[in-house]
Student: 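Below is the structure I would like to discuss, written out as structure tokens.
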Amino acid sequence: MPSPIALNLSPTRSMFKRRSSSSLAALASAKSYLAAVSEADARARAHGATPTSTPALSLSSSVTTNSEDSVLAEEDDNRDGLALPIVPPTSEQVFNTSHLEFGHSANQRHRYKSQYVPGAALTHDEVDPPYYVLITTYLSYIFLIVLGHVRDFLGKRLNPGKYRHLMPANGYAPLNSDFDSFYTRRLKTRLDDCFSVPVTGVPGRTIITFDRETNDYNLTMKMTGEKTRGLNISSYNYLGFAQARGGCADAVEECLRRYGISTCGGRLEGGTSDLHVMAEALVARFVGQEDALISSMGFATNSTIIPALVNKGCLVISDELNHASIRFGVRLSSASVRMFKHNDMKDLESVLREAISQGQPKTHRPWKKILLIVEGLYSMEGTLVNLPAILELKRKYKFYLFIDEAHSIGALGPNGRGVVDYFGINPRSVDILMGTFTKSFGAAGGYISGNKALIDRLRVAGHGGTYAESITPAVVSQILSSMASIMGVWTPPPVQKGLPSPAEPVQHPGPAPVSMLPPWMDLPLVQRDGSEGRERLRRLAFNSRYLARGLMKLGFITYGHVDSPIVPLLLFNPGKMAVFHRMMRTRRTPIYVVVVSYPATPLVTSRVRFCVSASHTKEDIDTVLRACDEIGDALDLKHLPGERWPIQRIVDSAVELVNMQD
Amino acid sequence: MESSYPAAARTLEPVFAFMSSSLAQLETTFYKIPGSHVAARYVKSSHQNDPGRTVVEVLIFVFLIFTILQQRTRAGDDERHFIKYSDEEIDESVDDWTPEPLGAPLDDVETADLAAVPVIVGPIGPKPRLLNSSKPVINMVSYNFTGLAGNELIRDRAIETLRKYGLGSCGPPGFYGTIDVHMELERNLADFLGTESVILYSQSFSTIPSVISAFAKRHDIIVADRGVNFAIQKGLQISRSTIRWFDHNDPRSLEDVLIAVEKERKKRRAPLTRRFIVTEGIFEKDGSMADLPRIIELKNKYKFRLILDESISFGTVGRTGRGLTELYNVPASEVDMLVGSVANGLNSAGGFCAGARAVTEHQRINGTSFVFSAAGPALLAVAASEGINILCNTPSLLSTLRGNIAAVRAILDRVDVLDIPSHPASPIIHLHVRTTPTPTTNGLLDPSSAATISTGKSNPLSVHPREPPTFDIAREERLLQELVDECLAQGVWITRAKRLRGQELVEARPSVRLAVSAALSRKDCERAAQVVRAAAGKVLGRRR
């Protein structure tokens with residue numbers, strides 16, 4: 001691996017080599033494409049340090065150029081159509097990211113601003129499929145259950161060797177009861193080639209998976225040693241910060257050199273580094289709260305902080321589709337729990353009225369406090385929380401509000417500040433904003449933010465501060481650099497004589513003050529001025545809307561909000577999950593998708609879940625839509641009533657589709 | 001009277017006529033329904049054979065209707081306790097209700113504690129720089145046991161990985177988050193320990209609760225040590241299993257409890273459920289060490305499975321740091337679920353569970369914090385793999401560590417104002433304030449295991465031992481904080497072991513915890529220990 005300094009020099013060398021062979025007329029091969037890029041770059045450099053094209057067009061750092069990136073390392077000549085953009089770049093366009101990590105998209109029409117339009121419906125009616133689909137789905141499960149149990153019954157008697165792990169042996173009860181593991185053995189095993197696929201490289205726009213094969217119906221799988229690159233529409237890489245090159249990766253490398261791997265301890269026991277302090281200040285500024293604390297694992301943020309918020313005598317009201325980490329935390333807290341129907345404000349209000357009037361069970365003592373826990377963006381449904389309605393209820397019923405923004409932070413809102421930003425609501429009106437760094441920021445861990453007194457209490461009372469390892473410096477620097485590039489960095493202007501130095505801007509959502517970043521973190525200009533971050537936000541919003549609208553126009557039943565980067569497509573029949581997955585990944589341009597079914601979803605609504613990223617180009621979404629169109633016909637998935645468009649019309653009028661208001 | 005009766009019958013006649021005609025009509029319509037003859041014949045014959053049955057069937061039917069019509073929306077609330085209020089009354093109680101504040105503000109002690117949390121400036125190492133202190137300090141705090149922090153080879157490999165994989169994994173292991181370097185680390189750990197397979201978690205603290213709750217469910221039985229760490233306590237709580245406790249680090253008490261559990265099962269003729277022993281290798285709370293060979297003997301004898309938390313002992317004891325199994329020369333495969341910390345032992349981040357393939361594969365589907373959490377960053381996995389490499393190839397690291405521990409203990413064991421419950425080989429050394437001026441115990445024995453000396457047995461149903469040790473938490477914590485401050489002033493960085501007071505099942509005795517590192521020179525270790533000794537004499541000695 002060459003150091004970044006070496007990278008700085010090498011593009012210039014290679015550019016001159018290729019200039020002679022460049023031909024802008026035919027851009028069929030990787031070579032000619034690269035030549036065009038290099039030429040553009042060379043011209044840009046010849047005129048000065050910065051590229052001549054508009055900064056908004058040029059995404060990213062001055063350090064890396066495409067010619068040094070993994071495109072060249074690919075031996076195959078764009079056979080899968082992933083290595084090169086379908087629309088070749090013009091000479092003005094300079095892209096400094098690897099197209100495989102972060103797609104090249106210069107068309108400014110392919111941008112959209114993620115923002116709530118007042119009055120727009122937050123939920124669209126969930127369409128039921130035709131009866132025959134429901135009936136066949138139920139029949140599939142009945143077959144599965146009956147045959148499975150018959151096989152278990154007979155197998156245990158006729159072929160006990162195969163079932164030994166399910167039966168008491170040698171005085172030990174089985175580790176796994178046959179009943180608990182029924183779905184795992186009888187359903188999931190059949191789909192196992194769709195899960196836990198081993199991958200390598202950056203989980204960016206594309207991802208490389210290892211091919212696997214089985215000769216015992218997925219009981220064991222062997223890696224063949226072959227690798228396949230495919231379009232990645234599954235990773236939680238909303239803003240495309242999963243990159244091995246660019247300003248953030250450079251910051252991480254610098255941090256590794258300065259700080260090493262770990263801080264070797266818990267936050268309260270000597271594992272606190274100055275980086276942690278900076279990151280907590282920056283996170284608080286980013287989300288618009290007084291203070292924040294960060295933890296080394298997103299799941300643990302919920303599971304170790306919720307017990308510090310509520311205890312016996314408190315009530316937690318939880319959306320029925322809340323994430324497992326929230327349930328885990330609530331269970332540990334020993335507070336009472338009531339669920340309400342997903343995003344159903346009427347049901348929530350009736351639960352609230354009943355809970356407050358009845359008080360604690362049996363004793364009827366009033367609750368000590370009521371904490372409402374909702375998610376900003378639901379990871380299996382793509383639905384947004386109805387925040388305006390909840391805040392109205394909050395004023396009346398005086399509960400505390402906890403929003404888990406694991407998926408929405410960075411991914412929603414005109415400034416990427418999450419669901420609060422999306423609705424244009426003051427973040428301080430929410431008591432606790434929780435989120436993770438795994439998704440939009442391409443890092444790991446999570447945060448909790450709120451007022452200072454509360455966060456200090458959580459620092460002391462949360463399990464993580466005392467007992468869990470602190471977040472590692474490399475991860476913190478990724479958080480700092482990616483967050484700063486979404487916010488932009490405010491640098492104080494040079495002090496003039498006689499005038500007081502201008503104060504830092506404190507309004508929300510504002511830029512990151514330079515004092516909250518380590519002095520050694522040298523972000524490239526496009527990241528410091530916030531243009532790159534804005535570009536990412538706009539691209540994500542465009543891609544999300546385009547995919548959701550496109551699928552609907554093709555006639556698929558989808559769930560969720562149109563601005564959500566999570567787009568679930570309903571498959572219903574369990575058998576279609578594996579087929580859909582296999583058909584997607586064996587296309588000429590392989591597409592890697594996630595399929596989910598019971599018990600993660602209700603029994604009938606098996607689905608495929610797309611996670612759109614800012615790193616995708618409009619052409620990538622086209623590819624996904626075309627694939628869905630073909631497979632949807634083959635698998636009989638198009639059940640949405642209403643107007644349908646042919647795929648070509650959708651592709652041609654993408655911009656119109658995206659800008660269409662409901 | 002007699003004349004009035006026919007008169008009444010006459011007036012009622014049309015009513016009867018209407019009734020009989022409508023009944024007749026009902027009957028014909030009923031018989032028009034296909035299959036109704038069969039039903040009628042069935043009812044008739046059954047009534048003929050057994051009139052009582054009709055009554056029962058009618059009752060069942062009524063009950064069924066009643067049950068269906070009953071509202072079942074009030075989750076968990078006992079129907080009897082539900083009071084019906086009018087809307088106005090509810091509005092009133094909503095207006096009246098004032099919740100407690102979400103988080104109570106910190107009191108003075110807590111504020112001071114939080115303010116006293118040291119902040120490291122720059123990298124961690126044997127002599128880091130702290131905020132607000134001018135000179136580098138001798139580090140007796142960081143879990144940098146084998147001195148892997150700051151290793152340049154590891155750092156270079158991490159940078160290489162960064163340039164190939166980026167930082168985040170951007171997904172849970174199930175959904176494209178299983179990176180080849182994770183699988184490599186799992187293989188390396190398995191080879192290092194000599195188990196069949198390993199599963200990697202992305203945070204050490206969240207590992208054991210997930211491991212315990214993946215296997216132990218309601219009705220299963222867990223026999224646990226009374227001194228287990230907080231993470232295990234949370235695992236026991238979330239598993240909802242039946243918990244039995246044995247005295248801290250006392251195999252005799254363990255055997256008693258195992259016998260009692262088996263006896264109880266036989267007595268109640270209960271079906272065979274999963275049974276586990278949960279304990280730690282080196283206890284996080286006091287640094288004492290489990291008698292692993294004896295525990296394994298017992299678990300095999302009474303058919304229990306062993307969940308062993310080696311978060312402290314993995315990477316710190318044994319010839320090459322393989323942990324307790326290497327130290328006692330027990331095959332690691334004898335431990336059913338061996339949980340270790342990548343964060344502590346290999347200076348990276350995360351935790352792992354080693355065991356048979358069936359054990360790890362089960363967790364890939366049922367381990368909550370494995371399934372529902374993103375996989376760890378690739379470069380941290382590579383750093384850990386490289387750490388294993390270094391441990392394997394440099395046994396001198398462990399012998400240096402052992403030497404340093406011995407050097408520190410040689411000085412501190414003789415301090416008469418301190419009790420040290422930790423095992424002589426433990427890399428973490430807990431210091432308690434000695435309560436009795438002339439101790440009867442030899443200083444190695446944990447004061448909290450005083451119950452072992454007494455004749456009576458503790459109640460396995462209660463987490464509290466029969467004779468719980470008594471100590472004044474506030475006072476001892478204050479004294480120990482003074483000790484910490486005094487040492488810092490002398491250039492030696494130590495820390496109190498922080499506890500979540502009020503949340504632990506058994507309050508741990510306040511202690512200062514030293515973490516010895518192989519990165520420190522012998523001279524620095526001795527100097528640090530001498531500073532601690534002098535400070536202890538100064539702070540604790542003067543109170544007499």
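Owing to the predicted nature of the structure, the values given are computational and were not obtained by experimental measurement. Below, read A as the first sequence line, B as the second, and so on, with proteins coming before strands; counting in each chain starts at 1.
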Student: Among A324(A), A453(A), A444(A), which has the most heavy-atom pairs under 4.5 Å with chain B?
Tutor: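 Heavy-atom pairs under 4.5 Å are most numerous for A324(A).
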Student: Measure Y400(A) against the heavy atoms of chain B and call it side chain, backbone, both or neither at under 4.5 Å.
Tutor: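 The answer is the side chain of Y400(A).
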Student: So that I can tick it off, tell me whether D107(B) and R457(A) are bridged by a salt bridge, with the cut-off set at under 4.0 angstrom between side-chain N and carboxylate O.
Tutor: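 Not counted as a salt bridge, because no side-chain N and carboxylate O are separated by less than 4.0 Å.
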Student: Of all of L275(A), V252(A), V351(A), which one pairs up most often with chain B through heavy atoms under 4.5 Å apart?
Tutor: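 Sorted descending by pairs with chain B, the first entry is V252(A).
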Student: Please lay out, stage by stage, how F328(A) and K234(B) fare under the test side-chain contact (heavy atoms from CB on, under 4.5 Å).
Tutor: CA-CA 10 Å; F328(A) 200 95; K234(B) 292 292 125 184; over 6 Å; no
Student: Walk me through whether T178(B) and V197(A) qualify under side-chain contact (heavy atoms from CB on, under 4.5 Å).
Tutor: CA-CA 7 Å; T178(B) 311; V197(A) 183; over 6 Å; no
Student: With a 3.5 Å distance limit and no angle check, can you tell me whether R258(A) reaches the backbone of P123(B) through a side-chain donor-acceptor pair?
Tutor: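 No, the answer is negative, given that no donor and acceptor are paired below the 3.5 Å cut-off.
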Student: Could you tell me which portion of E152(B) (side chain, backbone, both or neither) has an atom closer than 4.5 angstrom to a non-hydrogen atom of chain A?
Tutor: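 E152(B) has no heavy atom closer than 4.5 Å to chain A.
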Student: Side chain, backbone, both or neither: which part of L379(B) has a heavy atom under 4.5 Å from chain A?
Tutor: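 Contact with chain A is through the side chain of L379(B) alone.
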Student: Hey, could you give me the OG1/CZ distance between T466(A) and F205(B), rounded to the nearest 0.5 Å?
Tutor: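 Rounded to the nearest 0.5 Å, the OG1-CZ separation comes out at 8.5 Å.
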Student: Using 0.5 Å steps for rounding, measure from the OG1 atom of T184(A) to the NE2 atom of H362(B).
Tutor: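 With rounding to 0.5 Å, OG1 (T184(A)) is 8.5 Å from NE2 (H362(B)).
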Student: Please lay out, stage by stage, how K396(A) and D91(B) fare under the test salt bridge (Lys or Arg N to Asp or Glu O under 4.0 Å).
Tutor: CA-CA 9 Å; K396(A) 183 167 177 198; D91(B) 282 334; 3.7 Å; yes
Student: Q503(B) versus chain A, heavy atoms under 4.5 Å apart: side chain, backbone, both or neither?
Tutor: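 Interface part for Q503(B): side chain.
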Student: Taking side chain as everything from C-beta outward and backbone as N, CA, C, O, which of these in V277(A) sits under 4.5 Å from a heavy atom of chain B? Side chain, backbone, both or neither.
Tutor: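 Just the side chain, heavy atoms under 4.5 Å.
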Student: Please output the side-chain donor-acceptor pairs of residues 93-104 of chain B that fall under 3.5 Å, not counting sequence neighbours, one pair per line with the distance.
Tutor:
from   : atom 1 : to      : atom 2 : distance (Å)
S93(B) : OG     : E89(B)  : O      : 3.3
S93(B) : OG     : I90(B)  : O      : 2.9
W97(B) : NE1    : W367(A) : O      : 2.9

Student: For the CG atom of N237(A) and the OG atom of S169(B), what is their distance to the nearest 0.5 Å?
Tutor: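 Reported to 0.5 Å precision, the distance equals 10.5 Å.
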Student: If we ignore hydrogens and angles and just use 3.5 Å, is the side chain of Q237(B) paired with the main-chain N or O of L332(A) as donor and acceptor?
Tutor: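 Looks like yes, one N/O pair under 3.5 Å.
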Student: Using non-hydrogen atoms and a 4.5 Å limit, figure out which bit of L458(A) sits close to chain B: side chain, backbone, both or neither.
Tutor: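 Neither the backbone nor the side chain of L458(A) comes within 4.5 Å of chain B.
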Student: I need the residue from K398(A), M223(A), Q478(A) with the largest number of non-hydrogen atom pairs under 4.5 Å to chain B.
Tutor: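 That would be K398(A).
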Student: Identify which part of P377(B) has an atom lying under 4.5 Å from any heavy atom of chain A, answering side chain, backbone, both or neither.
Tutor: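 For P377(B), the contact with chain A is made by the side chain alone.
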Student: Heavy-atom pairs under 4.5 Å with chain B are the metric here; pick the option from G462(A), A461(A), S234(A) that has the most.
Tutor: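 Maximum pair count with chain B is reached by A461(A).
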Student: Which one of T495(B), I365(B), V359(B), N366(B) has the most heavy-atom pairs closer than 4.5 Å to chain A?
Tutor: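 Winner by heavy-atom pair count: I365(B).
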Student: Please round to the nearest 0.5 Å and tell me the distance separating atom OG of S470(A) and atom CD1 of I120(B).
Tutor: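 Taking OG in S470(A) and CD1 in I120(B), the distance rounds to 7.5 Å.
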Student: Please state whether the side chain, the backbone, both or neither of R609(A) comes within less than 4.5 Å of a heavy atom of chain B.
Tutor: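 R609(A) touches chain B through side-chain heavy atoms alone.
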Student: May I ask you to say whether D180(A) pairs ionically with K217(B), meaning some side-chain N is under 4.0 Å from a carboxylate O?
Tutor: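 Result for this pair is no, no salt bridge flagged.
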Student: Which region of T273(B), side chain (C-beta onward) or backbone (N, CA, C, O), has a non-hydrogen atom less than 4.5 Å from a non-hydrogen atom of chain A, or is it both or neither?
Tutor: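 Backbone only.
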Student: Has the side chain of E469(A) got a donor or acceptor atom that lies under 3.5 Å from a matching backbone atom of G350(B)?
Tutor: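 Pair found, side chain donor or acceptor close to backbone of G350(B).
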Student: Please evaluate residues L175(A) and M337(B) with respect to the criterion side-chain contact (heavy atoms from CB on, under 4.5 Å), reporting the C-alpha separation (whole Å), side-chain torsions for both, the decisive distance (0.1 Å), and the verdict.
Tutor: CA-CA 12 Å; L175(A) 266 185; M337(B) 293 105 195; 3.9 Å; yes
Student: For residues 437-446 of chain A, which residue pairs qualify under salt bridge (charged side-chain N to carboxylate O under 4.0 Å, His left out), counting only residues two or more places apart or in two chains?
Tutor: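 Passing the test, one end in residues 437-446 of chain A: no pairs.
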Student: Pick one of side chain, backbone, both or neither for R513(B), based on which atoms fall under 4.5 Å of a heavy atom in chain A.
Tutor: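 When you check distances to chain A, only side chain atoms of R513(B) fall under 4.5 Å.
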Student: Between F304(B) and chain A, with a heavy-atom cut-off of 4.5 Å, which part of the residue counts as in contact: side chain, backbone, both or neither?
Tutor: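 It is the backbone, since no side chain atom gets that close.
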Student: Among R353(A), K452(A), R459(A), H364(A), who wins on heavy-atom pairs under 4.5 Å with chain B?
Tutor: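 When all of R353(A), K452(A), R459(A), H364(A) are compared, R353(A) has the most.
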Student: Between D87(B) and chain A, with a heavy-atom cut-off of 4.5 Å, which part of the residue counts as in contact: side chain, backbone, both or neither?
Tutor: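 For D87(B), heavy atoms of backbone and side chain both lie under 4.5 Å from chain A.
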Student: Side chain, backbone, both or neither: which part of A158(B) has a heavy atom under 4.5 Å from chain A?
Tutor: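 For A158(B), the contact with chain A is made by backbone and side chain together.
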Student: Verify, without hydrogens or angle tests, whether R155(B) (side chain) and G260(A) (backbone) share a donor-acceptor contact under 3.5 angstrom.
Tutor: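 Looks like no, no N/O pair under 3.5 Å.
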Student: I'd like to know if R496(B) pairs up with E269(A) as an ion pair, taking the criterion as any Lys NZ or Arg NE/NH1/NH2 lying under 4.0 Å from an Asp or Glu carboxylate oxygen.
Tutor: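 E269(A) and R496(B): not salt-bridged.
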Student: Do N347(B) and S262(A) get their side chains close enough for a donor-acceptor pair, meaning under 3.5 Å?
Tutor: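 No, S262(A) and N347(B) have no side-chain donor paired with an acceptor closer than 3.5 Å.
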Student: Sort out for me which of M183(B), E284(B), E92(B), E361(B) touches chain A most, counting heavy-atom pairs under 4.5 Å.
Tutor: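 Winner by heavy-atom pair count: M183(B).
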Student: Determine, step by step, whether V460(A) and L114(B) satisfy the side-chain contact (heavy atoms from CB on, under 4.5 Å) criterion, reporting the C-alpha distance in whole Å, the side-chain angles of both residues, the deciding distance to 0.1 Å, and the verdict.
Tutor: CA-CA 7 Å; V460(A) 174; L114(B) 195 60; 4.1 Å; yes
Student: Counting only non-hydrogen atoms closer than 4.5 Å, does A349(B) touch chain A with its backbone (N, CA, C, O), its side chain (CB onward), both, or neither?
Tutor: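 Both the backbone and the side chain of A349(B) come within 4.5 Å of chain A.
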Student: Using a cut-off of under 4.5 Å on heavy-atom pairs, state which of F145(B), Y176(B), Y85(B) scores highest against chain A.
Tutor: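 Most heavy-atom pairs under 4.5 Å with chain A: Y176(B).
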Student: Hey, what's the ring geometry for F230(B) with H463(A), parallel, tilted or perpendicular (30° and 60° as the breaks)?
Tutor: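 Perpendicular, since the angle between the ring planes exceeds 60°.
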Student: Checking heavy atoms, do the side chain of E184(B), its backbone, both or neither come under 4.5 Å from chain A?
Tutor: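 No part of it gets close to chain A.
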Student: Take R163(B) and D250(A), measure what salt bridge (Lys or Arg N to Asp or Glu O under 4.0 Å) needs, and give me the verdict at the end.
Tutor: CA-CA 9 Å; R163(B) 291 306 183 180; D250(A) 294 347; 2.5 Å; yes
Student: Rounded to the nearest 0.5 Å, how far does OG1 of T272(A) lie from CG of L131(B)?
Tutor: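 Separation between the atoms: 11.0 Å.
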Student: Looking at T436(A), V475(A), V595(A), which one has more heavy-atom pairs under 4.5 Å with chain B than the rest?
Tutor: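 The option with the most such pairs is V475(A).
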Student: Is it the backbone or the side chain of N170(A) that comes under 4.5 Å from a heavy atom of chain B, or both, or neither?
Tutor: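 Both backbone and side chain.
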Student: With a 4.5 angstrom heavy-atom cut-off, is it the side chain or the backbone of F370(B) that approaches chain A, or both, or neither?
Tutor: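 Neither part, no heavy atoms under 4.5 Å.
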Student: If you round to the nearest 0.5 Å, how far is CG of L268(A) from CG of L500(B)?
Tutor: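 L500(B) CG to L268(A) CG: 8.5 Å, rounded to 0.5 Å.
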Student: Quick check against the 3.5 Å criterion: does Q358(A) have a side-chain atom that pairs as donor or acceptor with the backbone of I83(B)?
Tutor: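 It does hold such a pair.
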Student: With a 4.5 angstrom heavy-atom cut-off, which part of L148(B) approaches chain A: side chain, backbone, both or neither?
Tutor: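 It is neither, since no heavy atom gets under 4.5 Å.
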